[in-house]
2 protein chains.
Amino acid sequence: MSKELTNIQQKILDYIIDRKTSIGIPPSLAEIAENFNYRNRATVQQHLASIERKGYIKRNPKIARGIEVTLEEKFFIPRPVIGEVAAGNPLTIYPDSLDSIELPTIARMPKDSFLLRVKGDSLKDAYIFTGDVVIVNPNLEPRDGHFVTAVLDDAAVVKRFYKKSHKIELHSENPEYEPIVIEKDYSGFKLVGVVVGVYRSMERKVG
Amino acid sequence: MSKELTNIQQKILDYIIDRKTSIGIPPSLAEIAENFNYRNRATVQQHLASIERKGYIKRNPKIARGIEVTLEEKFFIPRPVIGEVAAGNPLTIYPDSLDSIELPTIARMPKDSFLLRVKGDSLKDAYIFTGDVVIVNPNLEPRDGHFVTAVLDDAAVVKRFYKKSHKIELHSENPEYEPIVIEKDYSGFKLVGVVVGVYRSMERKVG
DNA sequence: ATTTTTGCCATACATATGTATGGTAAAAAT
DNA sequence: ATTTTTACCATACATATGTATGGCAAAAAT
């Protein structure tokens with residue numbers, strides 16, 4: 001990347017990336033202006049010109065909201081990790097999102113999903129390791145065979161979900177372990193969400 | 001989701017998702033019209049109204065390119081997997097993108113990146129397993145410690161990259177293996193790209 | 001000391017864009 | 001048989017949006 005951004009330019013770039021990654025629609029000049037309390041779009045226009053000249057974005061002339069972000073230095077964006085999950089232990093939710101990972105900008109989070117960092121190697125039979133991040137969607141209805149995150153008697157688990165007539169079965173990936181069978185209205189069971197994926201950043205994996 | 005989409009509606013939705021996930025800018029009505037050879041935007045407008053009525057998108061009135069995609073059934077989008085990588089074996093590139101995975105819409109691919117499916121367990125010392133998909137960016141300059149995909153003497157490898165003065169070192173994750181040292185201009189070495197992430201779909205993992 | 005860059009303003013303009021309305025025809029649903 | 005939905009067209013309109021130009025002041029670079 002050619003040059004460093006000034007403070008303001010960096011903030012504008014952050015805002016653009018945030019808008020694109022959260023709601024999926026790049027902001028217009030007017031919206032950027034409003035966000036930064038500018039009375040005029042021309043101010044934004046000039047900032048964008050600077051940011052583009054420095055190579056961080058690419059603008060599509062005449063096209064509304066036509067800002068593309070050039071991903072290089074800005075390849076990773078911080079995303080809050082809201083807690084930890086470790087089979088056998090209680091589900092830890094960080095009070096103020098202390099932790100965050102550098103999720104690649106390619107990995108856009110849907111609004112309703114969240115990230116949990118995996119701790120301990122108790123999930124290794126599911127090929128999930130310490131430091132990996134599971135993407136959990138709490139609003140998805142789990143289907144048979146889906147991996148789910150759940151709290152069972154105050155312990156967090158990541159297991160395969162199977163729905164029987166009046167029971168729920170949680171299967172381990174390791175066939176040596178017997179499935180856990182739960183009555184459907186057992187109060188000690190709380191489904192957290194469906195694990196839609198595992199993401200592992202290759203930045204600083206410990207060998 | 002409320003109702004099924006018609007063929008045309010589905011194609012329009014796919015087009016919108018494709019535009020949002022590839023270049024990051026939702027299409028305007030005019031662009032959709034052009035893509036589908038409609039002479040008029042109003043046609044698109046009416047299709048979008050139908051798609052929205054069925055709950056697949058949310059439109060932001062008066063906002064240019066203000067189409068948000070409601071992710072539920074459409075949580076996963078197919079992405080082509082262009083080949084296989086298995087340490088020790090040649091890099092296999094599928095002739096016509098035979099394979100594809102259901103990548104979650106959260107995982108937005110930058111235009112220049114591609115996916116490679118991992119085969120064999122020879123990468124297990126890097127915690128990468130059969131069926132996992134590595135996201136490779138060929139236009140990224142690798143830094144020390146980055147995982148890279150490379151072809152060395154016709155064999156594909158995924159290893160950590162280290163740049164010395166006139167040599168390149170490829171480190172295995174397993175400390176028992178000695179690093180591979182390559183002269184910088186050795187013709188048998190071809191860098192494929194930087195592995196920016198590993199994604200594992202939890203849909204149908206074999207236990 | 002002088003020039004360039006940064007950071008903001010205002011006004012004006014062209015057009016990109018979403019929207020409204022009305023019409024036609026075929027297919028699907030009732 | 002009738003109504004609704006689908007799938008297109010055309011014309012017209014309001015405004016959202018990017019752009020051009022000129023001006024001013026402070027900070028930074030030369």
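For the numbers below, each heavy atom of this structure counts, side chains included, while hydrogens, waters and symmetry mates do not. Protein chains get the first letters and strands the later ones, always in sequence-line order, with residue 1 at the start of each.
A salt bridge (Lys or Arg N to Asp or Glu O under 4.0 Å) check over residues 30-43 of chain A, counting only residues at least two apart or in different chains, returns the pairs A/Arg19-A/Glu31, A/Glu31-A/Arg65.
Here C/dG7 presents its P atom at 11 Å from NZ of A/Lys11, a figure rounded to the nearest Å. One can place CD1 of B/Ile32 at 15 Å from C1' of D/dA7, the figure rounded to the nearest angstrom. The separation between A/Leu48 atom CG and C/dG7 atom C1' is 13 Å, rounded to whole Å. Between A/His47 atom NE2 and C/dC8 atom C1' there is a gap of 8 Å when expressed in whole angstrom units. A straight line from CD of B/Gln10 to C1' of D/dT6 spans 16 Å, rounded to a whole angstrom. Following rounding to the nearest Å, B/Gln9 (CD) and C/dA28 (P) show an atom-to-atom distance of 14 Å. To the nearest angstrom, C1' of D/dA7 lies 10 Å from CD1 of B/Ile12. Between the OH atom of A/Tyr38 and the P atom of C/dT6 there is a distance of 13 Å, given to the nearest Å.
Applying the 4.0 Å criterion to OP1 and OP2 of D/dA10, one finds that B/Arg39 has a side-chain N or O inside that range. The phosphate of C/dG7 has OP1 or OP2 within less than 4.0 Å of a side-chain N or O from A/Thr6.
Judged by distance alone, the side chain of A/Lys163 and the main-chain N or O of A/Pro142 form no donor-acceptor pair under 3.5 Å. For A/Glu52 (side chain) and A/Arg59 (main-chain N/O), a donor-acceptor pair under 3.5 Å exists by modelled atom type.
Relative ring orientation between A/Tyr15 and A/Phe36 is described as perpendicular, the plane-to-plane angle rising above 60° on a 0-90° scale split at 30° and 60°.
Rounded to the nearest 0.5 angstrom, A/Lys159 NZ and A/Glu169 CD are separated by 12.5 Å.
For the pair A/Thr43 and A/Ser50, nearest-nucleotide mapping onto DNA chain C gives the more 5' position to A/Ser50.
Checked against side-chain contact (heavy atoms from CB on, under 4.5 Å), B/Lys167 has the following partners two or more places apart in sequence or in another chain: B/Lys164, B/Val181, B/Glu183.
Other residues, nucleotides and ligands contribute over 12 non-hydrogen atoms within 6.0 Å of the NZ atom of A/Lys184.
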Produce the list of close N/O pairs, under 3.5 Å, pairing protein atoms with atoms of nucleotides 16-26 of chain D; give distances to one decimal.
from	atom 1	to	atom 2	distance (Å)
D/dT17	OP1	A/Arg65	NE	3.1
D/dT17	OP1	A/Arg65	NH2	2.4
D/dT17	OP1	B/Ala64	N	3.1
D/dG18	OP1	A/Arg65	N	2.7
D/dG18	OP2	A/Leu29	N	2.7
D/dG18	O3'	A/Lys62	N	3.3
D/dG18	N7	A/Arg41	NH1	2.9
D/dG18	O6	A/Arg41	NH1	3.1
D/dG18	O6	A/Arg41	NH2	3.2
D/dT19	OP1	A/Lys62	N	3.1
D/dT19	OP2	A/Gln45	OE1	3.4
D/dT19	OP2	A/Arg59	NH1	3.2
D/dT19	OP2	A/Arg59	NH2	3.1

